[in-house]
Amino acid sequence: MEEKKTTLLDNGLIWFGAGVSIAEILTGTYFASLGVEKAVLAIVLGHIVGCVLLFLAGVIGGKTGLSAMETVKLSFGRYGGVFFALLNVLQLLGWTAIMIYDGALSSAEIFGTDPRIWAVVIGVLIVVWILIGLKNLGKVNIVAMTALFVLTIVLCVVIFSGNGAGVVADDSLSFGAALELAVAMPLSWLPLISDYTRTAAKPVKASAVSAIVYGLVSCWMYAIGMGAAIFTAESDIAAILVKAGLGVAGLVIIVFSTVTTTFLDALSAGISSESIVARIPGRYVAIGVTVLGCIGACIYPMDNITDFLYLIGSVFAPMIAVQIADYFILKRTENDHNFDIVNIIVWVVGFVLYRLLMQVDIPFGSTLPDMAAVIILRVVIPVGKQNQKASCPS
């Protein structure tokens, strides 16, 4: 029986849900110190960079029919791919905990209840989404996304009708650092997108739709956060919703935006785990990640995620740069090695370079120069005989 393929609408709805996120709104509040014009420019430019990379990563998975972490093995070898799969599962577990924490905290503030109650509620809903399954979410997603779309417009009207008495522009965040924060969010989805484009009926178009929809919605969320800080003197979304009288409606925005985003994190953690231990079904791992995320959200404070975002960028930007060079420039589509030493060394150089570039205030951020250097390095390094032709170890 032929596997059911996802449509362009399916992929668009998936990435609309990924973009509508409390974490993205909260990250947007950091941009307020730039002032509206510079903040919007940094948000848009950063998302253009990040979403072009998101599209390219999606095309690799869509054309090969491989999950995100299986495509990594094409460049880094079987065990090299396992290393990145482990890192990906860890970062997705972190994201799951962060998203549940933010959603639970905001929900609790609306009704003055214990955040741990809402962490459990959100966790249960995420498990329900996982059990329904990606290919059966069509009608559920349409209803959920329509509600989120309408309610988010209402939230925008409330925020941007404020008097602008909030954060005043200053130099606390440089333009380069802001640009990097804008790139970092779509960059965090790079190790996931192939999990959803690999089953697309039209992989290139699905990758484009996914990247464009996510980019537009993510910019919107960042702008909401920025506007909240500038126009309402509030960086707490729950407080804004309460002031606007959007009690139940605000709760719907918070809970369902958290579920539709975090569901992808947990599900992809499960898919990535299959690249490590194939005999354990990814759905079980996804549920386990959700449970651990709930526990983490109940125990640990996770209010500032900027360092986490930068760490993700330093790991996955050079990784995807190597993949782009291999697949699109060197036309490499197979690798039967355990470790691809050349590419691993290039990645290490890229990782170290990214961390060094973060110490310098570069107007166009760290991601672009780091990835350019990695791609050039990968292309110019002569490939030895062992990497020209894949061969199974004896």
Inset, instruction - Would you please name every residue forming a side chain to side chain donor-acceptor pair (under 3.5 Å) with S75, sequence neighbours left out? - result: D326
Inset, instruction - Verify the neighbour count for atom OH of Y79: are there more than 12 heavy atoms of other residues, nucleotides or ligands below 6.0 Å? - result: no
Inset, instruction - Verify whether the ring centers belonging to F31 and Y222 lie closer than 6.0 Å. - result: yes
Legend entry - Heavy-atom side-chain contact between T64 and T333 under 4.5 Å: no
Legend entry - Distance, nearest 0.5 Å, that separates CD1 of I320 from CH2 of W347: 14.0 Å
Legend entry - M371 side chain near L53 side chain, heavy-atom distance below 4.5 Å: yes
Inset, instruction - Only counting residues at least two apart or in another chain, list the ones meeting salt bridge (Lys or Arg N to Asp or Glu O under 4.0 Å) with D114. - result: R116
Legend entry - Single-linkage hydrophobic cluster, 4.5 Å side-chain cutoff, L267 and W129 together: yes
Inset, instruction - Report yes if the side chains of T197 and P203 come closer than 4.5 Å at any heavy-atom pair, otherwise no. - result: no
Legend entry - Shortest non-hydrogen contact between G35 and I230, atoms and distance: C-CD1, 4.4 Å
Inset, instruction - Identify the heavy atoms of V379 and A325 that sit nearest to each other, and give their distance. - result: CG2-CB, 4.3 Å
Legend entry - Shortest non-hydrogen contact between M226 and V36, atoms and distance: SD-CA, 4.2 Å
Inset, instruction - Mark yes or no for whether N11, through its side chain, and A206, through its backbone, hold a donor-acceptor pair below 3.5 Å. - result: no
Inset, instruction - Taking all heavy atoms of G65 and all of R198, pick out the closest pair and write down the distance. - result: C-CB, 3.8 Å
Legend entry - Side-chain touch T71/Y327, heavy atoms, less than 4.5 angstrom: no
Inset, instruction - Would you please name every residue forming a side chain to side chain donor-acceptor pair (under 3.5 Å) with E180, sequence neighbours left out? - result: Y354, T367
Inset, instruction - Please tell me if the side chains of V209 and W15 come closer than 4.5 Å, counting only heavy atoms from C-beta onward. - result: no
Inset, instruction - State which residues pass side chain to side chain donor-acceptor pair (under 3.5 Å) with D102; sequence neighbours excluded, sorted by chain then number. - result: none
Inset, instruction - State yes or no: do F263 and Y101 share one hydrophobic cluster built from I, L, V, M, F, W and Y residues joined by side-chain heavy-atom distances below 4.5 Å, directly or via other members? - result: yes
Inset, instruction - Taking T261 for its side chain and V20 for its backbone only, find out whether a donor-acceptor pair lies under 3.5 Å. - result: yes
Legend entry - Main-chain N/O of A85 paired with N88 side-chain donor or acceptor, under 3.5 Å: no
Legend entry - Residue pairs involving residues 262-281 (criterion salt bridge (charged side-chain N to carboxylate O under 4.0 Å, His left out); sequence neighbours excluded): none
Inset, instruction - Write out all pairs satisfying salt bridge (charged side-chain N to carboxylate O under 4.0 Å, His left out) with one or both partners inside residues 223-232, taking only residues at least two apart or from two chains. - result: none
Legend entry - Any side-chain heavy-atom pair of L190 and Q323 under 4.5 Å: no
Inset, instruction - Using a 4.5 Å cut-off on heavy atoms from C-beta on, say whether the side chain of V204 contacts that of K63. - result: yes
Legend entry - Side chain to side chain, I254 and I122, heavy atoms closer than 4.5 Å: no
